[in-house]
Amino acid sequence: AEDRYNDRQLTGCINLIDVSFENLYGEISNMSCEDALNIVRSSGIIDFLKITNSKSDALDLDFSKISVKNVEISKAGNDCLDFSSGEYKIKNFKLISCGDKGISAGEKSILKINSGYINNAAMGLASKDLSRVIVKNYIDINKSKKCFDTYQKKQEFGDGIIEIKSEGSIKCNN
């Protein structure tokens, strides 16, 4: 079986670990690792990030506190956005052609979404393992086999929650 870790036991092509940052801006393409960009135990603000053609996950955030102003992801082999064990905010996103989930929140993550668009994902938005996803404004999901799902994946956790605020709206077109 193909090893998903590099020689330093990291899964990302680009790894940011134990860092604090502001105004991160970047474009990443054609990455063949488990995660195109993996941010771990960090805090900061991503102003703009564009990721295209990831072999597996595009953006993987773990044990962090991150705010994302704008993110565009297209052609991820697995999840476009993957969140674990942290506090996250996304102001605006556009996710196109995600092999598995457009957005995956797991392991007690708290994810606050303002607005965004998902097109062509196996599943639009998943909240699992005691994670809480809050949609404030709107989310528009097109051409996904399933728009939303909450479940328990790991036995030490429970189901996830997806909450749509009263001023928010969802669109699910399959």
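Below, all heavy atoms of this structure are taken into account, side chains as well, without hydrogens, waters or symmetry copies.
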### Query
Which atoms form the tightest heavy-atom contact between A36 and S54, and what is the distance?
CB-OG, 3.4 Å
### Message
Checking the side chain of S85 only, and the main-chain atoms of S109 only, is there a donor and an acceptor separated by less than 3.5 Å?
### Response
no
### Query
If you look at every heavy atom in K165 and I134, which pair is closest and at what distance?
CE-CG2, 3.7 Å
### Query
Under a 4.0 Å N-O cut-off, is there an ion pair linking D129 with K153?
no
### Task
Starting at CG of D82, measure out to OG of S56 and round the result to the nearest 0.5 Å.
9.0 Å
### Task
Without swapping roles, check the side chain of T52 against the backbone of S29 for a donor-acceptor pair under 3.5 Å.
no
### Query
Going by heavy atoms in the side chains, are I139 and F93 under 4.5 Å from each other?
yes
### Message
Test of understanding: clusters of I, L, V, M, F, W, Y form through side-chain heavy atoms closer than 4.5 Å, transitively. Do I164 and I161 belong to the same one?
### Response
no
### Query
Given side chains that start at C-beta, do those of V71 and I46 come closer than 4.5 Å, heavy atoms only?
no
### Query
Hey, are the side chains of S97 and S74 touching, using non-hydrogen atoms and a 4.5 Å cut-off?
no
### Message
Can you tell me how far apart NZ (K75) and CG (N120) are? Round to the nearest 0.5 Å.
### Response
11.0 Å
### Message
Less than 4.5 Å apart, side chain to side chain, heavy atoms only: is that true for I73 and L49?
### Response
no
### Task
Could you tell me the separation between the CD1 atom of I110 and the NZ atom of K89, rounded to the nearest 0.5 Å?
11.0 Å
### Query
Is there side-chain contact between K112 and K136, with heavy atoms separated by less than 4.5 Å?
no
#### Entry: Separation between CD1 of I96 and NZ of K143, rounded to the nearest 0.5 Å
10.0 Å
### Query
Checking S64 side chain against S43 main chain: does a donor-acceptor pair fall under 3.5 Å?
no
## Note on the structure
Taking every heavy atom of A126 against every heavy atom of K101, the minimum-distance pair comes out as CB-CD, 3.5 Å
### Query
If every non-hydrogen atom of A58 is compared with every non-hydrogen atom of C80, which pair is closest and at what distance?
CB-O, 3.3 Å
### Query
Are the side chains of I17 and R41 in touch, meaning some heavy atoms are under 4.5 Å apart?
yes
### Query
Can V133 be reached from L130 by stepping across I, L, V, M, F, W or Y side chains whose heavy atoms are under 4.5 Å apart?
no
### Task
Quickly, which of N142, I141, L81 forms a side-chain contact (heavy atoms from CB on, under 4.5 Å) with I118? Name it, please.
I141
### Query
Any chain of hydrophobic side-chain contacts (each under 4.5 Å) joining V19 to L61?
yes
### Message
Assess the residue pair N38 and L10 against the criterion (side-chain contact (heavy atoms from CB on, under 4.5 Å)); give the C-alpha distance rounded to whole Å, side-chain angles, the decisive distance to 0.1 Å, and a yes or no.
### Response
CA-CA 9 Å; N38 189 15; L10 302 173; over 6 Å; no
### Heavy-atom closest pair, residues S131 and S127
O-OG, 2.9 Å
#### Entry: Within one Ile-Leu-Val-Met-Phe-Trp-Tyr cluster: I14 and I45, side-chain cutoff 4.5 Å
no
### Query
Which of these passes side-chain contact (heavy atoms from CB on, under 4.5 Å) with D79: D100, D35, I103?
D100
### Message
Is there a path of hydrophobic side-chain contacts, each under 4.5 Å between heavy atoms of I/L/V/M/F/W/Y residues, joining F48 to I90?
### Response
no
### Task
With the side chain counted from C-beta on, respond yes when F83 and I66 share a heavy-atom pair under 4.5 Å apart, and no when they do not.
no
### Task
Could you tell me whether E22 atom CD has more than 12 heavy atoms of other residues or ligands within 6.0 Å of it?
no
### Query
How many angstroms lie between OH in Y151 and CZ in F157, if you round to the nearest 0.5 Å?
13.0 Å
### Task
Using a cut-off of 6.0 Å, state whether more than 12 heavy atoms not belonging to Q155 lie near its atom CD.
no
#### Entry: Pairwise side-chain contact, V40 with N15, heavy-atom cut-off 4.5 Å (strictly under)
no
### Query
Rounded to the nearest 0.5 Å, how far does OH of Y25 lie from NZ of K50?
9.0 Å
